[in-house]
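Small disclaimer: the values here were computed from a predicted structure and weren't measured. In what follows, chains carry the letters A, B, and so on, assigned in the order in which the sequence lines appear, proteins first and then strands, with residues in each chain numbered from 1.
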Amino acid sequence: MDTEEIVKDILTEDFQNVDSFKMDKIKHSVETESLTVAFNGREAISDVSIKIRGNAVTAIIGPSGCGKSTFLRSLNFMHDLTPGAKVTGTIKIHNKDINEYDITEVRRKVGMVFQKPNPFPTMSIYDNVVAGLIMNKRYKKSRLNEIVEKSLILAGLWEESKDRLKVSALALSGGQQQRLCIARTLAVDPEIILFDEPTSALDPISTSAIEETLTKLKKEYTIVIVTHNMQQAARVSDFTAYFFLGKLIELGKTRTIFTSPKEKLTEDYITGRFG
Amino acid sequence: MIDYYAKVSKTHASRRKIKSTIMLMACIIAAFIAILPLLYIFFYTTMQGASSLDLAFFTELPKPVGETGGGMANAIVGTFILVGLGSLIGIPVGLMAGIYVNEYSKSILANLVKFVTDVLSGIPSIIIGIFAYGVLVIPMQRFSALAGGFALGILMIPTITRTTEEMLKLVPHSLREAALALGIPRWKTTLRIVLRTASGGIITGILLAIARAAGETAPLLFTSFGNSFWASNLDEPIASIPVQIFNYAISPYEEWHRKAWAGAFVLICIVFIVSLIVRLATRNKYSQS
């Protein structure tokens, strides 16, 4: 059985029924072992061990302050900037410890889309998409044009922006700006893309456009999405992880988590008894 | 009963309206007081100065007492040289210090720099002139353009450092994160994303510093000193518009007073034109439509 078949298998079978042999065979894109992140000595997440599958969407849900974003941000060294942050435990990307990579290499492999659209305000749409490329090495103009078109198409923004690529990115609406941010992330060709509540600041139409994009992206990328919206988690994700008070409570197939979770805590949250 | 309430609310409303009008009037008056001296200076200088301007003012050297005509060509060029030298020192140092203070704000050195620039910006400019005199003029044994430029550069540093820091502070943290998440190294993020986003405000700060340096007289009195002729070298005394104005203004000659006014007018125009050119050259090239 090759990996692809096993992945398919897992997606169709019930998660709990997959035997350990199959589980070990799968290439995990991201893996953490007893990951702990503390800010000024206070632990935001503690002892999180999780395996995130490649070519699938994994949603992270949980009440506010449960450490979802903290977990996500630790995957591409975003805590580096925060004074007082301390990350312990191991993070592996493609079975290789994150510390063995160069920090900018990790960030190029692991893209991130943030909660609020944050295009570079002094740049055009075109320049925004190529920013991550041209600031690392030189590219041919024709190659850049190709990448811009490909990224914008994949992010679902090409039709709306192809005639005004040289216009300031701020001329776009909020939803379009967020899709531009996705295109910008795609342009550097990452393998894993982290989404930190990417639609919480957007209207329903933009939200569904982005959700559509997510589903398209899963063929080529590994996606981890933090969301407050449980319907969204149910709609777009293959796997769901439930965080509570800084701990990973349960990880499983989305269908299982939402219909018959193993943990009482998960069930309470899903059914809206708290949170 | 109903009438009573109507009455109360009516008087309340009118009282609020009166209060609002009074406050508005006070603000308008204050605004006028703020711009009045500025307009007065501008018009008075133009009136007094523009009439004494002729081509010779820009092309000829000052004439000795008693002779009519002549100009300030050497002082105009001198001011450009001095401000240019000052900018060479003030802009890079001020800019980089500002970046350091904001981007590495947790270090002790950054706080020290912040404190020192605050103190420095409060020091009278003549003291900075004395400093340049002690550091450059005494060892070199002569007044020089270099010493004048050095004094102006020191004068520019605190303004540029503080405005750079304030403007960088306004750049949202999310922009830095976005850039870093694309795998852009931190120094490039700072230079090409953060600095560029804040460039409008930083340029304003630099222009303010240049304008102030262009009009400084006190620190130049005993550094660049002044010169009635062309300076052929940077280690020679050099003329500058403010010092020339000062020398002409304290003289008893009517002709020189007129020249001083013309000099003041030219100085204002130079600052204005330089600001305009810099603004046009550095404005954002993308339209928002």
Note to self: Are there over 12 heavy-atom neighbours, none belonging to A:Lys96, within less than 6.0 Å of that residue's NZ?
What the structure shows: yes

Next item on the list: For residues A:Met112 and B:Glu177, determine if any side-chain heavy atom of one lies less than 4.5 Å from a side-chain heavy atom of the other.
Entry: no

Checklist line | Over 12 foreign heavy atoms within 6.0 Å of CZ, B:Phe42 | finding: no

Margin query: With a 4.5 Å cut-off on side-chain heavy atoms, are B:Arg186 and A:Thr104 touching?
Written below: no

Item checked: Enclosure of A:Lys116 NZ (heavy-atom neighbours >12, cutoff 6.0 Å) -> no

Next item on the list: Please flag which part of A:Val110 lies under 4.5 Å from any non-hydrogen atom of chain B: side chain, backbone, both or neither.
Entry: backbone

Check: Counting heavy-atom pairs under 4.5 Å to chain A, which of B:Gly200, B:Ala181, B:Ser174 comes out on top?
Finding: B:Ala181

Next item on the list: Can you establish whether the number of heavy atoms outside B:Phe272 located under 6.0 Å from its atom CZ is more than 12?
Entry: no

Note to self: Return the CD1 to CZ distance between B:Ile184 and A:Phe120, rounded to the nearest 0.5 Å.
What the structure shows: 5.0 Å

Notebook entry, point to check: Is it the backbone or the side chain of A:Pro190 that comes under 4.5 Å from a heavy atom of chain B, or both, or neither?
Noted result: neither

Note to self: Counting heavy-atom pairs under 4.5 Å with chain B, which one of A:Arg108, A:Met135, A:Gln115 comes out on top?
What the structure shows: A:Met135

Check: Between B:Gly183, B:Pro172, B:Ala179, which residue shows the highest count of heavy-atom pairs closer than 4.5 Å to chain A?
Finding: B:Gly183

Checklist line | Distance in Å, A:Thr122 OG1 paired with B:Ile193 CD1, rounded so as to fall on 0.5 Å steps | finding: 7.0 Å

Next item on the list: Return the option, out of A:Asn136, A:Asp80, A:Val106, with the maximum number of heavy-atom pairs under 4.5 Å with chain B.
Entry: A:Asn136

Check: Does atom NZ of A:Lys216 have more than 12 heavy-atom neighbours from other groups under 6.0 Å away?
Finding: yes

Check: B:Leu175 versus chain A, heavy atoms under 4.5 Å apart: side chain, backbone, both or neither?
Finding: both

Next item on the list: Go through the atoms of A:Asn76 and report whether side chain, backbone, both or neither lie under 4.5 Å from a heavy atom of chain B.
Entry: side chain

Notebook entry, point to check: Got more than 12 heavy atoms from elsewhere within 6.0 Å of CG, B:Leu109?
Noted result: yes

Notebook entry, point to check: How far does CG of B:Leu182 sit from CZ of A:Arg184, to the nearest 0.5 angstrom?
Noted result: 5.5 Å

Checklist line | Atom pair NZ (B:Lys188) and CD1 (A:Ile134), whose distance is rounded to the nearest 0.5 Å | finding: 9.5 Å

Check: Near B:Ile108 CD1, under 6.0 Å, is it more than 12 heavy atoms from other residues, nucleotides or ligands?
Finding: no

